[in-house]
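Atoms considered below: every heavy atom in the structure, side chains included; atoms not considered: hydrogens, waters and symmetry mates. Just so you know, ligand 1 is whichever comes first in the structure, and atom 1 is the first atom listed for that ligand. Keep in mind that what you see is a predicted model, and the values were worked out from it rather than measured.
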Amino acid sequence: MAESTAPAYRQPHVATLRRTFPKLLRDPLGTLVGLADASPGQVVKLNLGTIRPYLVVEPAHVQHVLRDNAANYTRAGDSMMWKSVKKLGGDGILAEGPQWEASRRRLQPHFTAKRIDAVVDGLSRAISDAVDELNVPARNGEPVDAASEISRIICQAVIGVFFGNKIPVADGVRIVAEQDTVATALRFRLLTPFLPDAVPMPGDRALRRAVQNIDNILLPLVRAERAHDDGGDDIVASLARGRDVHGHKLDEQRVRDDLVSIFVTATETTYTVLTWLFPLLEQLPDVAERLYAEIDRVVGPGDVINREQLGELSYTRMVLDELVRAYPSGWLVPRTAIADDVIGGTRVRAGDTIILSPYVTQRLARFWDRPAVFDPERFAPDAPRRAHRYAYYPFGGGAHQCIGQYFFQVEAPLIVATLLSRFRYRLCTPGMPSPRLAASLRPRERVPLLLTPHRQPAPAKQ
Ligand code: HEM
């Protein structure tokens with residue numbers, strides 16, 4: 001009898017609807033981490049009734065999807081999130097295929113280390129001015145909302161560095177508020193990717209209205225810039241004068257799509273992750289003390305942090321590296337398989353949804369010692385090398401690797417050190433907030449802070 005040559009596939013760990021669904025509703029992130037911890041080396045099939053995505057968390061498997069066989073895993077399919085993101089970002093850098101490629105090529109030059117390093121001083125000045133606005137509530141003992149203030153500071157910084165100050169900061173803040181509506185409204189669509197758009201869902205109308213409001217702010221700017229080239233090298237000007245592969249001027253929609261995509265990714269990812277820092281530091285006095293000590297040593301009262309000082313903020317950077325391990329704003333990175341494939345021995349079929357989650361992989365007990373503990377020492381210069389490149393991928397990997405990673409690594413320490421060199425704070429509501437799942441990972445509860453001035457600069461001598 002001839003021997004069978006059919007390859008032996010490995011069965012995925014199947015998480016059944018009856019057992020898993022109630023747990024997912026109660027504690028989605030904890031449940032996903034628990035399933036992944038219980039399936040070493042295995043892909044997990046989430047059997048959720050009408051949707052049956054594969055949860056792929058093993059670093060080698062993540063590498064397969066994001067890098068080695070990336071061409072087979074697309075954001076253009078019906079995957080849970082990207083269909084909704086497209087409603088906001090259209091066919092630009094957040095899309096897939098030739099449109100994405102062209103956008104990436106156009107935008108990449110704005111995000112090189114050389115370009116970002118060249119604007120550090122302007123960035124730091126913009127952050128310093130924005131932080132100064134907290135002097136009034138701090139003096140008056142009025143609480144401020146951490147997420148709103150951080151997003152305002154980021155808007156001011158990003159509008160200066162990337163958008164040539166062509167968007168009023170108040171409009172930037174309105175865009176962030178509208179995109180919050182989008183991020184939360186698309187929750188319902190995330191859970192029902194199989195439903196056609198014609199079937200109305202809660203949140204649809206709010207999402208349409210929010211996108212319209214964002215367009216009302218940005219489209220007049222796009223039109224003005226396309227009509228008149230001011231020769232600027234900011235993103236708005238360079239997109240407005242951009243050409244497609246045929247040499248034709250980019251149409252209004254293309255410019256709009258990339259502008260919206262960059263604005264939302266530059267603001268939302270960063271303010272959601274930084275908001276976690278305040279409740280965390282209150283839980284961790286040792287980390288807080290070391291962080292404050294470094295900032296007080298490096299940054300003088302009222303300083304606008306310069307490049308040399310930024311270079312000395314090494315513990316601040318360790319804290320931020322750990323922050324994006326424990327609370328990566330891009331917690332969910334879904335793809336759709338284009339053709340049948342095998343991931344870690346498990347067969348996946350064309351059309352299957354693959355869920356990658358930096359949050360889950362970065363909390364796997366087999367790759368991280370005490371993964372639930374917030375420990376910046378993991379990122380000390382002399383810490384042991386990580387077992388695998390994709391055990392830690394808060395900024396993704398492969399061709400879609402985050403374009404703003406370096407910018408974040410410059411901007412975030414500037415924000416944290418500027419803020420904490422001028423203020424100390426107390427939480428109005430003690431304790432850690434619970435996570436809220438939206439397109440990005442954010443605290444469910446607000447984080448109100450009571451700021452007190454710290455080491456104000458001496459008044460200038462007459
Ligand atoms: C904590 C901060 C941030 C985190 C955790 C983060 C995370 C990510 C992740 C995981 C991806 C990969 C998406 C995928 O593979 O489909 C990504 C892509 C992207 N990020 Fe970030 N990001 C952050 C900050 C930023 C900033 C500051 C910007 C812009 C200034 C930015 C712009 C983008 C863009 C445009 C993409 C799409 C790149 C492409 O598909 O070619 N991100 N980000």
Side-chain angles (χ1 to χ4, degrees), residues 56 62-63 65-67 70 73-77 79-82 85-86 88-108 110-112 115-116 119 123 150-151 153-155 157-163 176 234-235 239 257-277 317 320-336 354-362 390 392-416 439-442:
V56 171
V62 173
Q63 176 173 318
V65 173
L66 285 184
R67 208 192 68 185
Y73 295 95
T74 177
R75 304 197 291 207
S79 80
M80 303 154 84
M81 189 172 78
W82 297 113
V85 168
K86 198 175 161 85
L88 179 65
D91 273 324
I93 181 102
L94 295 177
E96 194 63 279
Q99 305 275 33
W100 160 74
E101 227 176 307
S103 288
R104 178 100 195 185
R105 217 175 314 113
R106 274 193 291 273
L107 289 165
Q108 185 80 57
H110 293 274
F111 291 90
T112 59
R115 187 82 166 242
I116 302 295
V119 296
L123 179 64
I150 298 285
S151 65
I153 294 165
I154 291 169
C155 272
V158 163
I159 286 171
V161 170
F162 293 131
F163 297 90
V176 174
D234 56 273
I235 291 185
L239 285 175
D257 288 350
D258 276 333
L259 211 53
V260 171
S261 300
I262 289 298
F263 197 91
V264 301
T265 47
T267 48
E268 184 183 2
T269 48
T270 307
Y271 92 78
T272 50
V273 77
L274 290 184
T275 305
W276 290 103
L277 185 64
R317 276 195 297 280
L320 289 165
D321 288 345
E322 175 68 342
L323 192 67
V324 290
R325 179 194 71 84
Y327 297 94
S329 26
W331 70 281
L332 177 73
V333 183
R335 295 285 191 265
T336 302
I354 309 299
I355 298 180
L356 307 179
S357 171
Y359 180 95
V360 177
T361 298
Q362 291 168 186
Y390 283 89
Y392 180 70
Y393 68 110
F395 297 97
H400 288 295
Q401 164 107 20
C402 178
I403 205 171
Q405 174 174 354
Y406 187 74
F407 178 67
F408 173 83
Q409 285 162 344
V410 170
E411 176 199 31
L414 286 176
I415 293 176
V416 170
S440 56
L441 182 69
R442 54 190 61 217

Task: Nearest-0.5 Å distance that lies between atom CZ in Arg105 and atom CH2 in Trp100 - done: 9.5 Å
TODO: Nearest 0.5 Å please: distance from the CG atom of Asp258 over to the CG atom of Leu107.
DONE: 4.5 Å
Task: For Trp82, atoms of ligand 1 separated by under 4.0 Å from a heavy atom - done: 16 (O)
Task: Ligand-residue contact atoms, ligand 1 with Arg104, heavy atoms, under 4.0 Å - done: 38 (C), 39 (C), 41 (O)
Task: Side-chain heavy-atom pair Ile116, Gln409 within 4.5 angstrom cut-off - done: no
Open item on the list: Distance under 4.0 Å to a non-hydrogen atom of Val333: what atoms of ligand 1 satisfy this?
Closed with: 14 (C), 15 (O), 16 (O)
Open item on the list: I need the atoms of ligand 1 closer than 4.0 Å to a non-hydrogen atom of Gly396, numbered in the order shown.
Closed with: 10 (C)
Task: 4.5 Å side-chain heavy-atom contact, Phe163 and Leu259 - done: yes
TODO: Can you pull out the closest protein heavy atom to atom 34 (C) of ligand 1? Residue, atom name and distance to 0.1 Å, please.
DONE: Ile403 CG2, 3.7 Å
TODO: Mind checking the CZ-OH spacing from Arg325 to Tyr359? Nearest 0.5 Å is all I need.
DONE: 9.0 Å
Task: Pairwise side-chain contact, Leu323 with Leu320, heavy-atom cut-off 4.5 Å (strictly under) - done: yes
Task: For Leu94, atoms of ligand 1 separated by under 4.0 Å from a heavy atom - done: 37 (C)
Open item on the list: Would you compute the distance between atom CD1 of Ile403 and atom CG of Leu94 and round it to the nearest 0.5 angstrom?
Closed with: 10.0 Å
- [ ] Note the single closest protein heavy atom to atom 14 (C) of ligand 1, along with its residue, its atom name and the distance in Å.
- [x] Arg335 NH2, 3.4 Å
Task: Structural part of Arg75 in contact with ligand 1, heavy atom criterion under 4.0 angstrom - done: side chain
Task: Closest to atom 25 (C) of ligand 1 among Thr270, Thr269, Ile93 (heavy-atom distance) - done: Thr269
Open item on the list: Within ligand 1, which atoms have a heavy atom of Val273 less than 4.0 Å away?
Closed with: 1 (C)
- [ ] Tell me which part of Glu268 gets within contact of ligand 1: side chain, backbone, both or neither, using heavy atoms under 4.0 Å.
- [x] neither
Open item on the list: My understanding is that we take every heavy atom of each candidate and find the minimum distance to atom 3 (C) of ligand 1. Doing that for Tyr406, Tyr271, Phe395, Phe407, which one comes out nearest?
Closed with: Phe395
- [ ] Drop me the distance from Leu274's CG to Ile154's CD1, to the nearest 0.5 angstrom.
- [x] 5.5 Å
Open item on the list: Below 3.5 Å, N or O to N or O, backbone or side chain included: is there any such pair between Ser329 and ligand 1?
Closed with: no
Task: Inter-residue atom distance Phe111.CZ - Cys402.SG, 0.5 Å rounding - done: 8.5 Å
Task: Which segment of Tyr393 sits under 4.0 Å of ligand 1 when only heavy atoms are counted - done: neither
Task: Contact check, side chains of Tyr73 and Leu66, non-hydrogen atoms, under 4.5 Å - done: no
- [ ] Identify the protein heavy atom lying closest to atom 28 (C) of ligand 1, giving its residue, its atom name and the separation to 0.1 Å.
- [x] Gly404 CA, 3.5 Å
Task: Thr270 vs Phe407 side-chain heavy atoms within contact, under 4.5 Å - done: no
- [ ] Pick whichever of Ala157, Ala399, Cys402 has a heavy atom sitting closest to atom 43 (N) of ligand 1.
- [x] Cys402
TODO: Check the angle between the aromatic planes of Phe408 and Phe395 and answer parallel, tilted or perpendicular using the 30° and 60° thresholds.
DONE: tilted
- [ ] Output the list of atoms in ligand 1 that are nearer than 4.0 Å to some heavy atom of Phe408, sorted by atom number.
- [x] 1 (C), 2 (C)
Task: Protein contact of atom 12 (C) of ligand 1 - nearest heavy atom, named by residue and atom, plus distance - done: His400 O, 3.6 Å
Open item on the list: Between ligand 1 and Gln405, can you find any atom pair, the residue atom being a heavy atom, that is separated by under 4.0 Å?
Closed with: no
Open item on the list: For Pro394, state whether at least one heavy atom is located under 4.0 Å from any atom of ligand 1.
Closed with: yes
Task: Backbone or side-chain N or O of Trp100 under 3.5 Å from ligand 1 N or O - done: yes
TODO: Please tell me if the side chains of Arg75 and Lys86 come closer than 4.5 Å, counting only heavy atoms from C-beta onward.
DONE: no
